Protein chains: 2
Amino acid sequence: MADRAAVPEVIWARPERAGRGPKPAFRRADIAAAAVRIADGGGLDAVSMRHVAAELGCGTMSLYNYVPRKEDLYELMVDAVSGEHEEWAPSGDWRADMIRVAHQARTLMHRHPWLPRLMSPVYGFSPNALRYLEHCLACLDPVEATYGMKMQLVGLLNGVVTMYVTNELATAERSRSLPWSEDQENAVRIAYLGSQIAGGAYPRMAAAFMEDPGPIDLDAVFDMALAKVLDAFDPERG
Amino acid sequence: MADRAAVPEVIWARPERAGRGPKPAFRRADIAAAAVRIADGGGLDAVSMRHVAAELGCGTMSLYNYVPRKEDLYELMVDAVSGEHEEWAPSGDWRADMIRVAHQARTLMHRHPWLPRLMSPVYGFSPNALRYLEHCLACLDPVEATYGMKMQLVGLLNGVVTMYVTNELATAERSRSLPWSEDQENAVRIAYLGSQIAGGAYPRMAAAFMEDPGPIDLDAVFDMALAKVLDAFDPERG
DNA sequence: TCGTAGTTACGTACACCGTACGTAGTGCGC
DNA sequence: GCGCACTACGTACGGTGTACGTAACTACGA
């Protein structure tokens with residue numbers, strides 16, 4: 001029987017093919033792809049071991065030959081979509097390169113709306129995560145700073161992107177598990193907010209909603225925040 | 001029988017005490033406190049309807065008289081701990097005030113490590129969230145900017161705090177659901193990282209880990225990121 | 001070459017989850 | 001004081017992750 005002891009391991013250190021026994025029916029990439037397909041279509045909550053196994057056409061428990069815990073399935077998923085990051089030869093303009101990186105990350109998260117929820121530094125060791133990080137560092141070669149500082153910049157940038165997309169998707173993803181529509185929910189919340197503001201207890205919020213800047217351009221908001229963060233790290237500024 | 005139809009509603013708009021019938025055994029605050037107690041002690045995954053009901057000493061299904069869905073229980077929890085935010089008269093130095101706000105938020109999230117996972121703009125309508133936001137805006141009164149811009153600053157700041165604490169807590173919270181210790185897991189991951197770096201495929205990451213800046217001071221890292229974000233929004237800079 | 005150990009495959013079973021629904025009892029509004 | 005909205009809560013259903021046992025299969029050591 002296989003060793004089922006609770007021994008710490010990273011899934012990437014485990015060989016895809018063991019020496020003995022019949023040859024595995026799937027590769028890790030197949031499993032990750034199936035899980036990603038399900039998550040893209042039905043949301044992260046639709047990703048269950050039974051569901052993924054069914055998508056692959058095998059028994060539920062067979063999955064556990066490839067993935068010791070469901071957590072590891074998540075790790076496979078994050079790595080799989082991290083592989084969609086396009087890389088390029090650094091242009092020499094680190095600011096432009098970082099903006100491109102950030103835009104790409106945002107696009108990726110919009111394509112896979114479950115990604116922000118799974119973003120975690122503990123997944124930063126996967127093969128594609130390492131490639132991505134190395135690429136970011138390469139883009140930052142022109143910057144005069146320690147690698148520690150560069151890592152912080154990359155981390156902060158990724159975090160800001162994750163956060164913005166999380167907020168952009170919040171109501172949409174929430175409505176997936178709700179028995180009524182996103183618009184209905186929003187209307188009710190706005191109505192409640194209005195009633196609270198009308199009480200006069202929140203004068204500045206009232207003023208804020210009086211401003212009425214028209215429809216919000218999420219792309220512009222994102223670009224502005226991005227620019228500000230890059231400004232803050234620009235060594236050529238005060 | 002009560003109306004069980006799937007009608008959109010905000011829990012805050014529902015009156016605590018209905019006109020008819022026996023008087024409720026609990027207040028919303030009791031329920032929120034019980035859930036927070038459980039989450040603080042056993043992690044967010046320990047918060048189940050059965051568990052919370054047991055903590056309160058009532059039947060599981062009785063909870064649904066107060067909280068239509070589990071999601072709403074989460075909303076109660078976030079509001080409850082948001083009430084722990086201390087408020088003060090703005091000092092006139094908006095930068096100092098925002099730093100204090102950020103530090104307080106970080107402390108709060110360390111006290112309730114499940115908070116970052118529940119942070120969502122859709123919970124921004126709760127009573128205590130509104131009070132918090134109004135207080136932030138009050139601290140920003142000295143700043144010459146539109147309320148829209150101020151809201152963005154507050155949002156970005158909260159997001160950055162959330163993100164940093166999420167990362168700070170990531171391995172600790174993860175180890176809660178793992179059958180081995182955090183240190184063991186870290187050791188295995190670092191070992192794997194070392195083996196990958198030794199391959200020579202990631203020269204910059206190798207260099208980064210050669211730098212060896214000694215033990216990382218998380219507080220200092222946080223403060224630096226915070227300062228940079230505030231710099232980015234400072235109208236007195238370039 | 002052959003036995004055997006290690007592997008794959010997977011059905012069954014268990015504990016737990018959110019919650020739909022039915023029923024009984026309570027007390028306010030008419 | 002009647003009726004009804006509300007509280008309370010037991011039961012039950014369909015889902016979850018996964019421990020464990022068993023059967024089939026293959027590469028290696030003898």
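Reminder, nothing fancy here: chain letters follow the sequence lines and each chain counts from 1. Computed from a prediction, not measured in an experiment: that's the story for all the values here.
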With a 4.0 Å cut-off, would you call R27(A) and E16(A) a salt bridge? no

List in numerical order all residues of residues 33-48 of chain B for which some heavy atom is under 4.0 Å away from an atom belonging to DNA chain D. none

Should the pair R117(B)-D45(B) be classified as a salt bridge under the 4.0 Å nitrogen-to-oxygen rule? yes

Between N186(A) and R189(A), does the side chain to side chain donor-acceptor pair (under 3.5 Å) criterion hold? Intermediate values first, please. CA-CA 5 Å; N186(A) 281 342; R189(A) 293 196 107 94; over 6 Å; no

Under 4.0 Å between a side-chain nitrogen and a carboxylate oxygen: does that hold for R14(A) and E75(A)? no

Please determine, by modelled atom types, if H112(A) and D40(A) share a side-chain donor-acceptor pair under 3.5 angstrom. yes

I want to confirm an ordering. Mapping M49(B) and K23(B) to their closest nucleotides on DNA chain C, which one lands closer to the 5' end? M49(B)

salt_bridge(R100(B), E86(B)) N-O dist < 4.0 Å: yes

Lys/Arg N to Asp/Glu carboxylate O, R176(A) vs E182(A), below 4.0 Å: no

Does a donor on one side chain sit under 3.5 Å from an acceptor on the other, for Y74(B) and D79(B)? no

Nucleotide dA12(D), atom P - distance to CZ of R50(B) in whole Å: 13 Å

Close approaches to DNA chain D from residues 52-75 of chain A, in residue order (heavy atom, under 4.0 Å): T60(A), M61(A), Y64(A), R69(A), K70(A)

Nucleotide nearest P22(B) when distance is taken to its side chain, options dG27(C), dT16(D), dT8(C): dG27(C)

